[in-house]
2 protein chains.
Amino acid sequence: MKGLTELLKGVLEGIVLQKIGQGETYGYEITQYLQNIGFEDIAEGTVYTVLLRLEKKGLLHVEKRKSELGPPRKFYRLNDFGKCELDKFWEKWFFLARKLNELKENDSK
Amino acid sequence: MKGLTELLKGVLEGIVLQKIGQGETYGYEITQYLQNIGFEDIAEGTVYTVLLRLEKKGLLHVEKRKSELGPPRKFYRLNDFGKCELDKFWEKWFFLARKLNELKENDSK
DNA sequence: ATACACTACTTAGTATTACTATATAGTTAA
DNA sequence: TTAACTATATAGTAATACTAAGTAGTGTAT
């Protein structure tokens, strides 16, 4: 899907948090994952900037370890603060989603 | 709801387009409307910058007319391009909403 | 051994957007 | 005439995703 950039602001961060929340992972894997679920236009660089930002904000536990195949990976997990921020993201998202559904449904009335 | 700023990127424009699509309106009224439906933290200035942007992009038919009570108003309607962009907004929104629901539902599995 | 593909991470610079703060001004009622 | 309400505009800021480019380890085919 093209032209999603502005709509992704804030959302991409939430998606990445959610993915990390489902189990230890790393940047390259997250990028592949996003491609697979339909976000074909999200580039690697974008994902890494999100990760570094989340790291700086202190939401992630980070561990650099060797990979069996390829260069070393930075493995991420959510810490307590990260889990809290993930919850907040979903709250905000569902607030917005509910509002937008209401707006759209007013059409048919 | 606080801290919605980043999530509103792109969305606010869509909401304003949708509101205008429901019938001729003007900035001040749109602002009041947003307050009423739960977006208490969206300031007047924000709405006007959106409107001027949409105007510049050529999505709106504009007509400045006197008001019965108060200063003159700029009345807006969607032109064909605006209607097209509104449709595109909803397409993008529902794409994203569907994806996010899928991500969230993976939790329970 | 060498070249290539794949894996994996980083970063500088850009564009877009919502927000803050402030300014301007017409209208109405006290 | 003062205050409250209506109505619009705009300069500057912060946050975020995107582009483009670079670095480097590992595995495979030639």
Side-chain angles (χ1 to χ4, degrees), chain A residues 1-17 24-35 39-57 59-60 62-76 85 89 92-93 96, chain B residues 1-17 24-35 39-57 59-60 62-76 85 89 92-93 96:
Chain A
M1 182 111 203
K2 297 268 178 186
L4 232 50
T5 298
E6 293 309 323
L7 247 39
L8 278 177
K9 299 254 172 102
V11 173
L12 178 57
E13 194 172 296
I15 295 176
V16 170
L17 278 176
E24 196 183 53
T25 184
Y26 55 97
Y28 193 79
E29 192 177 52
I30 295 172
T31 306
Q32 304 294 77
Y33 170 75
L34 290 173
Q35 311 283 311
F39 295 104
E40 293 93 2
D41 301 314
I42 297 178
E44 275 190 273
T46 304
V47 176
Y48 287 112
T49 53
V50 171
L51 286 170
L52 291 173
R53 192 166 67 235
L54 293 173
E55 207 183 322
K56 263 180 205 159
K57 285 191 196 168
L59 313 194
L60 304 181
V62 192
E63 221 179 307
K64 193 159 195 171
R65 294 203 306 270
K66 283 173 195 163
S67 160
E68 306 85 37
L69 59 150
R73 298 167 179 161
K74 278 175 76 176
F75 288 94
Y76 293 103
E85 290 299 304
F89 164 74
K92 289 185 252 171
W93 168 260
L96 201 58
Chain B
M1 182 108 203
K2 298 268 178 183
L4 233 50
T5 297
E6 293 308 324
L7 248 39
L8 278 176
K9 298 259 172 96
V11 173
L12 179 57
E13 194 171 297
I15 295 176
V16 169
L17 278 175
E24 195 181 53
T25 185
Y26 55 97
Y28 193 79
E29 191 177 53
I30 295 171
T31 305
Q32 304 293 76
Y33 170 75
L34 291 173
Q35 311 282 312
F39 295 104
E40 293 94 1
D41 301 314
I42 297 178
E44 277 189 271
T46 304
V47 175
Y48 287 111
T49 54
V50 171
L51 286 169
L52 291 172
R53 192 167 67 236
L54 294 173
E55 206 183 322
K56 264 181 204 158
K57 285 191 197 167
L59 313 193
L60 303 181
V62 191
E63 222 178 307
K64 192 159 196 170
R65 294 202 306 270
K66 284 173 196 164
S67 161
E68 307 86 36
L69 60 150
R73 298 168 179 160
K74 279 175 76 173
F75 289 93
Y76 293 104
E85 290 299 304
F89 164 74
K92 288 185 253 173
W93 168 262
L96 201 58

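Note on naming: letters A, B, ... go to the chains in the order of the sequence lines (proteins, then strands), and numbering restarts at 1 for each one. As a basis for the values below, the full set of heavy atoms in this structure was taken, side chains included, without hydrogen atoms, waters or symmetry mates.
Residues passing the side chain to side chain contact (heavy atoms under 4.5 Å, CB included) test with Thr5(B): none are found, sequence neighbours excluded. Here Lys9(B) pairs with Glu6(B) under the salt bridge (Lys or Arg N to Asp or Glu O under 4.0 Å) rule; sequence neighbours left out. Partners of Lys66(B) by side chain to side chain contact (heavy atoms under 4.5 Å, CB included), not counting sequence neighbours: none found. Checked against side chain to side chain contact (heavy atoms under 4.5 Å, CB included), Tyr48(B) has the following partners two or more places apart in sequence or in another chain: Tyr28(B), Glu44(B), Leu51(B).
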Close N/O contacts between protein and nucleotides 11-16 of chain C (under 3.5 Å):
residue: dT16(C); atom: O2; partner: Lys9(A); partner atom: NZ; Å: 2.8

Polar-atom pairs under 3.5 Å, protein N or O versus N or O of nucleotides 26-30 of chain C: list them with distances, or write none.
residue: dT28(C); atom: OP1; partner: Glu68(B); partner atom: O; Å: 3.3

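As rounded to whole Å, 9 Å separates atom C1' of dA17(D) from atom CD1 of Ile42(A). Atom C1' of nucleotide dT19(D) and atom CG of Leu8(A) are separated by 16 Å, given to the nearest angstrom. In this entry the distance linking CD of Glu55(B) with P of dT10(D) reads 10 Å, nearest Å. Distance CG (Leu4(A)) to C1' (dA17(D)): 11 Å, rounded to an integer number of Å. If you measure from atom OH of Tyr33(B) to atom P of dA7(D), you get 18 Å, rounded to the nearest angstrom. Per the geometry, CG belonging to Leu7(B) stands 16 Å off C1' belonging to dA14(D), to the nearest Å. dA17(D) atom P lies 11 Å from atom CG of Leu17(A), rounded to whole Å. Remark: P of dT16(D) and CG of Asp41(A) are 21 Å apart, rounded to the nearest angstrom.
With respect to Arg73(B) and Glu24(B), no salt bridge is recorded, no charged nitrogen being found less than 4.0 Å from a carboxylate O. A salt bridge links Glu13(A) to Lys57(A): one of the charged nitrogens lies within less than 4.0 Å of a carboxylate oxygen. Between Lys74(A) and Glu63(A) no salt bridge is recorded (no basic side-chain N to carboxylate O distance below 4.0 Å).
The phosphate of dA9(D) has OP1 or OP2 within less than 4.0 Å of a side-chain N or O from Lys74(B). Contact annotation: Tyr28(A) side-chain N/O to dC9(C) OP1/OP2 distance is not under 4.0 Å.
The listed nucleotides are dT6(D), dC18(D), dT7(C); the one nearest the side chain of Gln32(B) is dT6(D).
Heavy atoms of Glu44(B) sit under 4.0 angstrom from at least one base atom.
Shown here for Asp41(B) and Met1(B), the closest heavy-atom pair between the two residues is OD2-O, 2.9 Å.
Here CG of Leu12(B) is found 8.5 Å from CZ of Phe39(B). Values are rounded to the nearest 0.5 Å.
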